[in-house]
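Written out below as structure tokens is the structure these notes cover.
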Amino acid sequence: MIRRLGRIEGQVRGLRAMVEADRHCLDEIQQIRAMTAALREVGLLIIDQHVTEGLRLAARDQDREAVMADLLRVLRAAMAEAG
């Protein structure tokens with residue numbers, strides 16, 4: 001995940017350079033789409049880790065309701081971002 005974030009940082013610097021160089025807007029938009037897709041993938045990795053751990057806890061924890069409520073909050077937040 002750290003490597004992915006480093007690549008995204010590089011993409012942001014690349015976009016800045018494009019804007020400073022007054023590159024064609026299609027090139028800039030393509031860079032933005034690539035960054036958006038990369039960020040979405042990082043978000044999915046984070047959600048995957050959270051859900052995996054939450055389900056593991058829910059299977060053995062006596063406070064299953066709180067764990068499940070937390071998972072639903074995270075998923076709702078992720079869906080709101082996508083919309």
Side-chain angles (χ1 to χ4, degrees):
M1 193 173 330
I2 299 301
R3 269 192 321 226
R4 286 176 186 250
L5 290 171
R7 282 193 295 258
I8 293 166
E9 286 176 326
Q11 289 173 315
V12 171
R13 285 190 298 274
L15 177 61
R16 181 180 178 148
M18 289 176 169
V19 170
E20 289 172 344
D22 198 26
R23 293 271 302 268
H24 190 269
C25 72
L26 182 58
D27 295 335
E28 296 166 349
I29 295 300
Q30 287 173 335
Q31 184 73 353
I32 291 168
R33 289 180 53 118
M35 292 176 347
T36 302
L39 282 169
R40 189 177 312 112
E41 287 301 315
V42 168
L44 288 172
L45 285 172
I46 290 169
I47 291 167
D48 178 54
Q49 289 175 352
H50 189 77
V51 169
T52 299
E53 181 63 17
L55 291 174
R56 188 183 67 73
L57 286 172
R60 67 179 176 95
D61 197 335
Q62 293 177 346
D63 198 11
R64 287 186 181 104
E65 295 296 322
V67 172
M68 296 306 289
D70 178 65
L71 289 174
L72 287 175
R73 274 193 304 275
V74 169
L75 293 174
R76 282 193 175 108
M79 295 304 292
E81 289 292 318

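Both Ile46 and Leu39 sit in one connected hydrophobic cluster of ILVMFWY residues. Membership requires side-chain heavy atoms under 4.5 Å apart, directly or through other members.
The salt bridge (Lys or Arg N to Asp or Glu O under 4.0 Å) check on Arg40 picks up nothing, with sequence neighbours excluded. Evaluation of the salt bridge (Lys or Arg N to Asp or Glu O under 4.0 Å) rule for Glu20 yields Arg16 as partners, not counting sequence neighbours. With sequence neighbours left out, Glu53 forms a salt bridge (Lys or Arg N to Asp or Glu O under 4.0 Å) with Arg56.
Once rounded to the nearest 0.5 Å, the distance linking CD1 of Ile32 with CG of Leu15 reads 5.0 Å. With values rounded to the nearest 0.5 angstrom, Asp22 atom CG is found 7.0 Å from Glu28 atom CD. Taking CZ of Arg33 as the start and CG of Leu26 as the end, the distance is 10.0 Å to the nearest 0.5 Å.
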Quiz item: Does the pair Arg73 and Arg76 meet the rule for a side chain to side chain contact (heavy atoms under 4.5 Å, CB included), with working shown?
Solution: CA-CA 5 Å; Arg73 274 193 304 275; Arg76 282 193 175 108; 5.8 Å; no
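Residue Met1 comes nearest to Leu45 through the heavy atom pair CE-CB, 4.2 Å, listed as atom of the first residue, atom of the second, then distance. The two residues Ala78 and Ile47 come nearest to each other via the heavy atoms CB-CD1, 3.2 Å. Here the closest non-hydrogen pair linking Ile8 and Ala38 is CG1-CB, 3.5 Å.
Side-chain atoms of Leu75 and Val51, non-hydrogen and from C-beta on, do get closer than 4.5 Å to each other.
Side-chain N or O atoms of Gln11 include none that pairs as donor or acceptor with a backbone N or O of Gln31 at under 3.5 Å.
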